[in-house]
There are 2 protein chains.
Amino acid sequence: MTEVIEGLVPITRRTTSSLIVDQLRERIVDGTFPPGGQMAEAQLAATFGISRGPVREALQRLVQEGLLVNIKNRGVFVIELGPADLADVCLSRRLIERKAASLLWKSKDERHLSRLDVAAAELAATTGDSWAEVVERDLAFHESLVESAESPRLSRMFATLVAETRIGLATRPEARRERAALVAEHRALIELLRDGTERRLLAAIDAHLDASLGSARPTAARQGRAGATDSPA
Amino acid sequence: MTEVIEGLVPITRRTTSSLIVDQLRERIVDGTFPPGGQMAEAQLAATFGISRGPVREALQRLVQEGLLVNIKNRGVFVIELGPADLADVCLSRRLIERKAASLLWKSKDERHLSRLDVAAAELAATTGDSWAEVVERDLAFHESLVESAESPRLSRMFATLVAETRIGLATRPEARRERAALVAEHRALIELLRDGTERRLLAAIDAHLDASLGSARPTAARQGRAGATDSPA
DNA sequence: GTCATTCGGATTGTTGACAGCTTACAGCGG
DNA sequence: CCGCTGTAAGCTGTCAACAATCCGAATGAC
C-alpha cells in the first residue's frame, strides 16, 4: 500500500462537459441567456474553444435538469417560466425547506446553525444595490438550510429549484425586495430554529417564501414549451 | 392561416438520445445492467445500431438524473445504492408522497381517485409470482398518487426516486413482500383518502413506505461512489 | 517468491466532416 | 397586391476516425 501524504488532494479533473454545464448554468440563471433564447451549439463551441461534441453533452444534461428544452432539429432553448411554473417552484421549495427546517429544529445541530449564521451575515454584508448579488446570497442561505438535512437527494432537487428561482427573479423586476427585509426574515428564521416553536418556524418559512415568490398567482398556464419533443422526465 | 385537418396528428419524432435514455433507464432499473456495472459505449452503440455520439448524450442525461456515475477516462457506471442511499430515497419519497396524499385528501378529486382505483386494481390483477411485475404495479400506484398533485416538478423528482427504488428492490431479495399485503395497504390508502382523517392517512403512508423500504437502517455509508469525478448536482 | 516496471490492448474523449431538417427569402402566377 | 412555390443558407443530428488515458498481463530485478 502506498503512503497517503497529508494535504495533497488527488487531482480528479472533472469531465469537460461537466465544466461546461456549470458555466452554462451560471449564465442561464444570471440572465445572460434570456428565457426562450436559443443555445447555439456552434457559437458556444467556438466560445469555449472546443468542438461541438462536449457542448452537446452539456446541453443534454441541462435539458435533463429542466433548465433547457430540446426541440428536435431546431435546437435547445432556455425555459420560459410562466406563473404556473413559478407557483410550482414555490410549492416544491416550500415542501423541501419546511422539511429541512423541521429536521434542523429538532436536531439543533450547532454546526449547521452556525453555517446559517454565516450565510445570513453574508447577505447582510452586501453593499450597494446589486439585486443579483442579494438574490445570490439569499438563495445561498436557503441552500445552506437544505444542506442541513444532509440528504443528497433533497439537496440535488433543491439545486434545480434554486436555479429556476434565480431565472424567475432575474427576469421579474417586480419581484425585487428590500435587502433589509430579507436580512430580518433570515435572522428571524435562525432565531426560531434555535429557540422558537416548530409551528411558528414553519409559518415564518411560508411567509418568507410567499413574500419572495408568492406574487405569482397560480393562474392557468402551459406546463411546458409547446412543441417540446424532449421532456426531461 | 392554414387550415388544420382533423384526424391528422403532427409527427413530432423525439430525439434519438431521448429514446435511448428511456430504453437504458428501463434496463437499469430492471437489473439488466447491475449496480456497479459499466455502461460500455461502443457495445451500446453497436447494440442500438447507431454511433457513439447519441449514446454518450443519453448516458450524460442519466448521469444528470443520478442513475449513473461518470468517472473521467474510465466510463459511466450504474449507481450502487447503499443503506444510506435507500434511507435517503425513503425520506425523499415520504416527503413527496405525504404532500401529494394531503393535497388529494383535501381536494378529493374523483378523477385522480378513480385513477388510483385503477392502479390498485392492476396490482391486484397481477398473476403468478413475478416480483418484478408486482414492484412495477406498486410503484405505478405511487406515481399516480404523486401525479394527482399536478406538480410537474414533484412528479419529475419522484420519477427518479421511483427508478432508484426499483434498483434497490431488484437487487434485494429480502425486500420481497406478499402481494396480498401490498394490495391491502393500497386499498386502505384509497379508503383513507376518501373517508379517513388526514392524520391516519399520513400514518398509513409512513407505515406503507416503512414496510417496503424501511428495512434498510440508516447506518453510516458513503454518499456517493468514491472517485466520482462528475457529481450530478 | 514478491515487488516494481513496462508494454500492449481496450476504452474513453475529442474532433472534423457530411447528411437532414427547418426557416427565410426571392420568384412566379393569379 | 396577395399567396404559393422553389431555392439557398444555417443549423442540428449523426457518423467515422484520431488522440489520450487507463487497466492488466508479461517481464525482469531483488
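Below, each value reflects all heavy atoms present in this structure, side chains not excepted, and no hydrogens, waters or symmetry copies. Being a predicted model, the structure only gives us computed values, none of them experimental. Residue numbers begin at 1 in each chain, while the letters A, B, ... track the order of the sequences.
For the pair B:Q60 CD and C:dT12 C1', the interatomic distance rounds to 11 Å; values are reported in whole Å. Spacing between atom CG of A:N73 and atom C1' of D:dT12 amounts to 6 Å, rounded to whole angstrom units. If you take CD of B:Q43 and P of C:dT11, they are 9 Å apart, rounded to a whole angstrom. Protein atom CG of A:L59 is 15 Å distant from nucleotide atom P of D:dC11, rounded to whole Å. B:K72 has its NZ atom 10 Å from the C1' atom of C:dT14, to the nearest Å. Atom C1' of nucleotide D:dA20 and atom CZ of B:R74 are separated by 16 Å, given to the nearest angstrom. Residue B:L19 contributes atom CG, which lies 13 Å from atom P of D:dG13 at whole-angstrom precision.
The number of heavy-atom neighbours closer than 6.0 Å to CD of B:E122, taken from other residues, nucleotides and ligands shown, is above 12.
Judged as a salt bridge (Lys or Arg N to Asp or Glu O under 4.0 Å), and not counting sequence neighbours, the contacts of A:D88 are B:R153.
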Walk me through it: do A:D138 and A:R179 pass the test salt bridge (Lys or Arg N to Asp or Glu O under 4.0 Å)? CA-CA 9 Å; A:D138 172 65; A:R179 189 188 64 215; over 6 Å; no
Go through A:Q60 and B:Q60 one step at a time and tell me if the side-chain hydrogen bond (donor to acceptor under 3.5 Å, both in side chains) criterion holds. CA-CA 7 Å; A:Q60 291 299 315; B:Q60 290 299 316; over 6 Å; no
Could you walk me through whether A:E147 and A:H112 pass the side-chain hydrogen bond (donor to acceptor under 3.5 Å, both in side chains) test, one step at a time? CA-CA 8 Å; A:E147 283 290 333; A:H112 293 133; over 6 Å; no
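Nearest heavy atom pair, residue A:L44 against residue A:F33, reads CD2-CZ, 3.9 Å.
Contact annotation: A:T16 side-chain N/O to C:dT14 OP1/OP2 distance is under 4.0 Å.
Scanning residues 45-58 of chain A for heavy-atom distances under 4.0 Å to DNA chain D yields A:R52, A:R56.
Looking at heavy-atom distances under 4.0 Å, A:Q38 makes contact with sugar-phosphate atoms alone, never a base.
Listed candidates were C:dG13, D:dC22, D:dT12. Nearest to the side chain of A:E41 is D:dT12.
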